[in-house]
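As the structure lists them, so they are numbered: ligands from 1, and atoms in each ligand from 1.
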Amino acid sequence: MKLKSYVAGKWVEGTGDGRPFIDPTTGEELGRVDATGVDGAAALEHARTVGGPALAALSFAERGAILRAIADALTANRDAYGEIARKNSGNTVRDAAIDIDGGIATLKVYARLGQSLGDAKVLVEPGEDVLARSGNFAARHFWTSRKGAALQINAFNFPSWGLWEKVAVALLAGSPSVAKPASATAWLSRQMVADVIAAGAVPEGALQIVCGGGKDLVAALQPMDSLAFTGSAATGEMLRSDPAVLRAAPRVTVEADSINATVLGPDAGPDSDVFALAVREVVSALSVKAGQLCTNIRRVLVPAEHADAFRDAVAAKLAGLTVGNPADESVRVGPLVDLDQRQTALEGIAALSAEATVVAGGGIPDQVVGADPQAGAFLAPTLLSCADPTDGRAVHEIEVFGPCATVMPYHGVDQAVALAAHGGGSLALSLFTGDRAVQRDVALGVAPFHGRVMMVDPEVGKDHTGHGIVMPQCVHGGPGRAGGGEELGGLRGLRLHMQRTAVQGAPAALAALADDATEATL
Ligand code: NAP
């Protein structure tokens, strides 16, 4: 099987040998990804000239209805996706649900937002600024859809959610998408797009996919286009400084990796409910999707007096996790996406070991359920303990993209905030405390370094949505190391694809323009 690309209304196959993608449970090749000879520039031009005008002719509510139709087409084919996710991503049923159902749920949220914006095609911010003493001259801020293509380059770990969270926002804003999934797991993205196209759910040109390649797409970007990238910090840096990107200056947003932290409050002793909730969350971070979430907990900041108890509690739970073939119902931790990723993770653990001690796992498991631990990309859930995190660098800088986290003690809440900031900017931080003063000092203390902060106290209990889970209502992205981007966040996500313009004029003229717009704050 060679994955085709959907460009300018046709499915086309690359003419080269391509790159293999595998079943990470066995190492067996499943197919190839290749975009040799696939015209990326033509895809972007088709988006601009065919998809863009088609979407521009529709209201927000009509675009919302398209998102609903996409979600319905995907739901109708849901079973096949679980199978692909197991075979190609090594996903357990639960892992696959986070990716697949997370994507469908995000589409539905944006479908409802489209409905709420009604029949307008333009948004206007509430309020008017009077610019003349006479009151006869004023300004209002309008949002209109940009006239470019939305190039979306995605990471391997969320072939469904990563695709649809970007398409949903772009389509609602009126921007046609050209999606480029990561080669390792492009199969699921390609299959989903094929089903959506076959269902006739989207106007021609509003959704295209290029499997493989990527450089020619970036080279063909124009000023009104946008580039939304999700992946490693290194690739993000390369794309941001690409000559074509610098020259054309499209809008760029980067979602990169980060060394996210969770903080246990000083009040949360080993017998407290909050302590148990934090242990549960860390164990989840070391098992769900085999730890391959960009938002995942990498550093666990624990009051020094509870550090040993916390480390031992997590290690005890890890010992009970079953690693192996995701087809086996008892398995909680599947393989990493491929052997290269495992090798990189092993090298990362070795680098962390210079500053921290391995408490659990640390390498390839001796045995796994239903598979060969060497031939498959298995990595044991790994917990490290770093006695002196103030001196450590690797523990704050190296992302082991797998089931791996490091426990580190802190002395006083101010130090916990300072250590969290050592990550240089992160996507998410979670805080487990029942103390309101600690909530205030930590949540607002770390906020400048984070895109999202999740506070868990006894009142929230188990009702929270999870440290690693990105909710479409909340902004996703983080400053600095995390890429400096921002996606989702309900209507806030539309900013990437729309232009805010201050329109000045007589108040009556502004009111007439605003008559055709829906009032909204992005
Ligand atoms: P990656 O190696 O950086 O690749 C990301 C994407 O960039 C892939 O689609 C890749 O295509 C593409 N790419 C690479 N070089 C390119 C070029 N010169 N021109 C155009 N496209 C190019 O990242 P990954 O290994 O797939 O994903 C894992 C990383 O992503 C982790 O570090 C994780 O933390 C991060 N991540 C971040 C988020 C977030 O929202 N912040 C979410 C998920 C993952 P090919 O696969 O075809 O090479």
Flag the pair [X] and [Y] as a salt bridge only when some basic side-chain nitrogen lies within less than 4.0 angstrom of an acidic carboxylate oxygen.
X: Asp242; Y: Arg247; value: no
X: Asp17; Y: Arg32; value: no
X: Asp101; Y: Arg78; value: yes
X: Arg86; Y: Asp95; value: no

Could you check whether the rings of Trp11 and Tyr6 sit parallel, tilted or perpendicular, using 30° and 60° as the cut-offs?
tilted

Tell me whether [X] contacts the main-chain N or O of [Y] through its side chain, where contact means a donor paired with an acceptor under 3.5 Å.
X: Thr26; Y: Glu28; value: yes
X: His467; Y: Ala285; value: no
X: Thr382; Y: Gly362; value: yes

Would you mind telling me if ligand 1 is within reach of the side chain of [X], the backbone, both or neither, using heavy atoms under 4.0 Å?
X: Phe156; result: both
X: Met238; result: side chain
X: Phe229; result: side chain
X: Ala186; result: neither
X: Glu399; result: side chain
X: Pro181; result: backbone

If you count the non-hydrogen atoms of other residues, nucleotides and ligands that lie under 6.0 Å from CZ in Arg280, is the total more than 12?
no

Over 12 foreign heavy atoms within 6.0 Å of CZ, Arg146:
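Counting other residues, nucleotides and ligands, CZ of Arg146 exceeds 12 neighbours.
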
Could you tell me if Lys289 sits above the aromatic ring of Phe158, with its cationic atom closer than 6.0 Å to the ring centre and no more than 45 degrees from the axis?
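Judged by the rule, Lys289 and Phe158 form a cation-pi pair.
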
Of the protein's non-hydrogen atoms, which lies at the shortest distance from [atom], and what is that distance?
atom: atom 21 (N) of ligand 1; value: Ile153 CD1, 3.8 Å
atom: atom 41 (N) of ligand 1; value: Ala256 O, 2.8 Å
atom: atom 48 (O) of ligand 1; value: Arg19 NH1, 3.2 Å
atom: atom 35 (C) of ligand 1; value: Gly231 O, 3.3 Å
atom: atom 43 (C) of ligand 1; value: Asn157 OD1, 3.1 Å
atom: atom 23 (O) of ligand 1; value: Ser232 N, 3.4 Å

Report, in ascending order of atom number, the atoms of ligand 1 lying under 4.0 Å from any heavy atom of [X].
X: Asn154; answer: 5 (C), 6 (C), 8 (C), 9 (O)
X: Gly214; answer: 19 (N), 20 (C)
X: Cys294; answer: 34 (O), 36 (N), 37 (C), 38 (C), 39 (C), 40 (O), 41 (N), 42 (C), 43 (C), 44 (C)
X: Ala182; answer: 8 (C), 9 (O), 26 (O), 46 (O)
X: Ser183; answer: 45 (P), 46 (O), 47 (O)
X: His476; answer: 39 (C), 40 (O)
X: Ala155; answer: 26 (O), 27 (O), 30 (O), 43 (C), 44 (C)
X: Leu427; answer: 41 (N)

My understanding is that we take every heavy atom of each candidate and find the minimum distance to [atom]. Doing that for [options], which one comes out nearest?
atom: atom 5 (C) of ligand 1; options: Thr230, Thr295, Val337; answer: Thr230
atom: atom 15 (N) of ligand 1; options: Ile259, Val33, Thr235; answer: Thr235
atom: atom 19 (N) of ligand 1; options: Asn260, Leu239, Leu293; answer: Leu239

Touching ligand 1 at all, Phe158? Heavy atoms, strictly under 4.0 Å?
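The answer is no: ligand 1 sits nowhere under 4.0 Å from a heavy atom of Phe158.
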
Going through the checks in order, is the side chain to side chain donor-acceptor pair (under 3.5 Å) test met by Tyr81 and Asp99?
CA-CA 10 Å; Tyr81 305 147; Asp99 185 27; over 6 Å; no

Go through the steps for Asp225 and Arg48 under the test salt bridge (Lys or Arg N to Asp or Glu O under 4.0 Å), then give the verdict.
CA-CA 8 Å; Asp225 296 337; Arg48 292 180 203 111; 2.6 Å; yes

Contact (N/O only, under 3.5 Å) between Lys180 and ligand 1:
yes

Mind checking whether Ser258 has an N or O less than 3.5 Å away from an N or O of ligand 1?
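For ligand 1, there is no N or O atom that lies under 3.5 Å from one belonging to Ser258.
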
Are Phe156 and Phe21 near enough that their ring centres are under 6.0 Å apart?
no

Verdict with supporting geometry, Glu486 and Arg492, salt bridge (Lys or Arg N to Asp or Glu O under 4.0 Å)
CA-CA 9 Å; Glu486 197 178 272; Arg492 296 171 190 89; over 6 Å; no

